[in-house]
**Q** 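Shown below is the structure under consideration.
This structure is a prediction, so every number in the text was calculated from the model and none was measured. In this chain, residues are counted from 1 in sequence order. Counting starts at 1 for both ligands and their atoms, following the listed order.
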Amino acid sequence: MHLDHHEAPVLEALARYRDADELGFTPPGHKQARGADPAVRAVLGDAVFHGDVLASGGLDDRRTKGRILERAEELMADAVHAEHTFFSTCGSSLSVKAAMLTVAAHGQKLLVGRDAHKSVIAGLILSGIEPVWIEPQWDRERHLAHPPSAQAFERGFAEHPDARGALVTSPTPYGSAAALQEIAEVCHRRSRPLIVDEAWGAHLPFHPALPSWAMDAGADVCVTSIHKMGSGLEQGSVFHLKGTLIDPAALASRADLLGTTSPSVLLYAGIDGWRRQMALHGHGLMSRALDLAAEVRASIEAIDGLHVNDEDDFCGPGLAAEFDPLPVVIDIGRLRTTGYRAADWIRAQHHLDLHLFDHRRISAQITHADDASTTERLLSALRDLVDHADALRPAPEVAVPDPEDLRMKQASLPRDAYFSATEDVSWKEAAGRVAAEMITPYPPGIPVVLPGEELTEPVLRYLRTGVEAGMNLPDAADAQLDTVRVVACTAARRRWP
Ligand SMILES: Cc1ncc(COP(=O)(O)O)c(C=O)c1O
């Protein structure tokens with residue numbers, strides 16, 4: 001079937017809706033901005049309300065006979081070499097859960113890279129799937145995790161031949177990518193599907209110099225946030241499907257189970273527009289972004305005290321397989337301050353928001369939207385940071401554990417621990433207790449602690465010193481970590497005598 005990528009069915013239908021002066025006696029109640037508070041209209045602009053219409057019984061007819069969303073999804077699938085694409089307005093947080101629930105069910109096993117995002121852990125809690133943790137590849141010197149190797153998945157299947165499939169995160173928010181083709185082969189030798197959490201990979205299909213795209217590497221389903229590296233609006237996500245190991249109707253049904261009945265057409269329009277933009281201009285836009293990222297990287301490297309992590313730092317035996325240069329990860333260790341302090345200072349002084357920050361790094365995400373006017377601001381802020389580093393010292397020390405001390409015993413299923421009776425205990429007394437909550441430094445959103453893990457002193461000390469240094473733990477019951485939510489003693493005795 002020949003598809004015309006100049007078309008953008010959702011955007012065109014929105015334009016038609018407006019031209020026809022369509023009027024809904026339906027939600028949304030603002031009725032094309034008419035009812036919205038003028039003060040809200042002044043801030044948001046009426047375009048937001050004009051694009052906010054019912055998806056069926058508004059944009060399309062009540063039985064969606066115009067196939068507007070379906071045609072937009074077909075065009076997206078075609079653009080990214082998938083067989084089916086589904087749009088989601090609940091972020092990759094929903095998409096990844098839908099994919100997991102299609103591959104495994106309550107009580108079944110799934111191989112999962114332990115560097116998974118919190119939405120994957122939420123999927124485990126909701127579903128009761130039993131995770132078989134696959135260790136990431138640790139850079140001990142930099143204290144950084146890269147995606148697990150194919151060999152690690154091979155070992156996982158050898159030890160758990162009943163595992164229903166595998167899930168790997170690639171690229172990571174730091175821009176390191178897995179050997180997807182090899183991991184897919186490991187899965188397919190057993191006729192098991194591979195899910196790739198490619199939330200950070202919306203741009204990958206559109207330039208050969210970027211890391212392998214999951215649909216080209218043989219993955220069965222991949223999940224992508226269009227708002228992260230693409231031009232979509234926040235929460236716009238897609239999942240793509242290929243091959244025969246996953247039933248598209250089952251995947252659609254799982255997404256239906258989790259999703260909203262009121263999807264935002266604004267988000268659909270953003271996804272549709274991104275696909276057209278990339279199908280028509282993606283290669284040029286990505287080439288320009290890659291060139292710009294190379295210039296920015298070289299300029300930052302030339303600033304005394306800063307080091308930009310490059311392919312040589314991240315890739316090689318025991319490390320990542322591929323590298324995305326657009327997330328520019330900057331090691332500020334030589335400034336003897338933390339990424340938290342540096343990022344706060346840059347926001348306060350220069351009104352620039354950095355992406356990731358930890359005990360020794362900050363990162364700046366470059367996309368096709370950048371040009372010299374944005375990157376110059378970044379570079380001058382970084383130069384200024386170095387000039388003012390004295391003011392950011394001494395920074396509180398974060399007690400970062402070695403990789404082996406970071407890993408805890410999974411004493412019970414995440415679901416069982418999460419839904420058990422709980423109590424809050426002082427962090428000083430929590431070692432040896434079973435966590436009943438996720439504790440996740442954000443960003444990037446990879447939980448250090450999962451429900452069901454037996455807490456250890458090095459991990460608790462890491463998190464506690466992290467909070468004192470500026471680490472953000474938004475999902476912990478006590479974000480300051482004076483206390484930790486653990487499985488109550490009585491519940492522990494009842495469940496695990
Ligand atoms: C690896 C990974 N997967 C999934 C998600 C969830 O994506 P979303 O924010 O679109 O729900 C994120 C968000 O940061 C992520 O980093």
Side-chain angles (χ1 to χ4, degrees), residues 76 85-101 103 110 112-127 131 133-134 136 144-148 166-178 180 183 194-204 211 213-214 219 221-240 254-255 258-260 263-264 266-268 270-271 274 320 322 324 326-327 329 353-358 361 363-365 367 438 440-448 450 472-475:
M76 176 65 95
T85 289
F86 303 86
F87 288 6
S88 160
T89 61
C90 303
S92 291
S93 297
L94 176 140
S95 308
V96 82
K97 292 185 192 86
M100 293 166 71
L101 286 162
V103 170
L110 183 68
V112 184
R114 180 56 181 80
D115 56 338
H117 183 255
K118 63 190 267 77
S119 53
V120 172
I121 312 309
L124 296 173
I125 294 171
L126 292 172
S127 65
W133 295 119
I134 306 298
L144 198 67
H146 296 300
L167 186 152
V168 66
T169 304
S170 179
T172 68
Y174 292 89
S176 63
L180 287 182
I183 298 173
L194 172 63
I195 302 168
V196 181
D197 180 350
E198 217 164 14
W200 292 99
H203 56 314
L204 301 187
W213 164 241
V221 54
C222 76
V223 164
T224 295
S225 295
I226 300 301
H227 61 94
K228 290 196 194 315
M229 294 301 289
S231 304
L233 299 170
E234 284 287 297
Q235 282 186 223
S237 169
V238 293
F239 40 110
H240 307 291
R254 304 304 189 266
L258 297 167
T260 172
S264 167
L266 280 170
L267 270 64
Y268 285 159
I271 299 171
W274 158 255
E322 292 186 84
D324 179 358
L326 296 187
V329 179
D353 292 311
L354 294 172
H355 177 211
L356 303 174
F357 16 85
D358 62 20
R361 279 171 285 262
S363 91
Q365 166 182 317
T367 71
M438 269 194 261
T440 312
Y442 209 95
I446 300 161
V448 170
L450 309 179
N472 184 29
L473 301 176
D475 55 7

**Q** Flag the pair E198 / P171 as yes when at least one side-chain heavy-atom distance between them is below 4.5 Å, and no otherwise.
**A** yes
**Q** Hydrogens and angles aside, do D115 and T169 bring a side-chain donor and acceptor to less than 3.5 Å of each other?
**A** no
**Q** So do the side chains of M76 and H240 get within less than 4.5 Å of each other, counting heavy atoms only?
**A** yes
**Q** Any non-hydrogen side-chain atom of D197 less than 4.5 Å from a side-chain atom of H117?
**A** yes
**Q** So F86 and F239, would you call those rings parallel, tilted or perpendicular, with 30° and 60° as cut-offs?
**A** parallel
**Q** Could you list the residues that satisfy ring pair (Phe, Tyr, Trp, His ring centres under 6.0 Å) with H146, not counting sequence neighbours?
**A** F314
**Q** Would you please write out the protein residues whose heavy atoms approach any atom of ligand 1 to under 4.0 angstrom, listed by chain and number?
**A** G91, S92, S93, H117, S119, T169, D197, A199, W200, S225, H227, K228, Y442
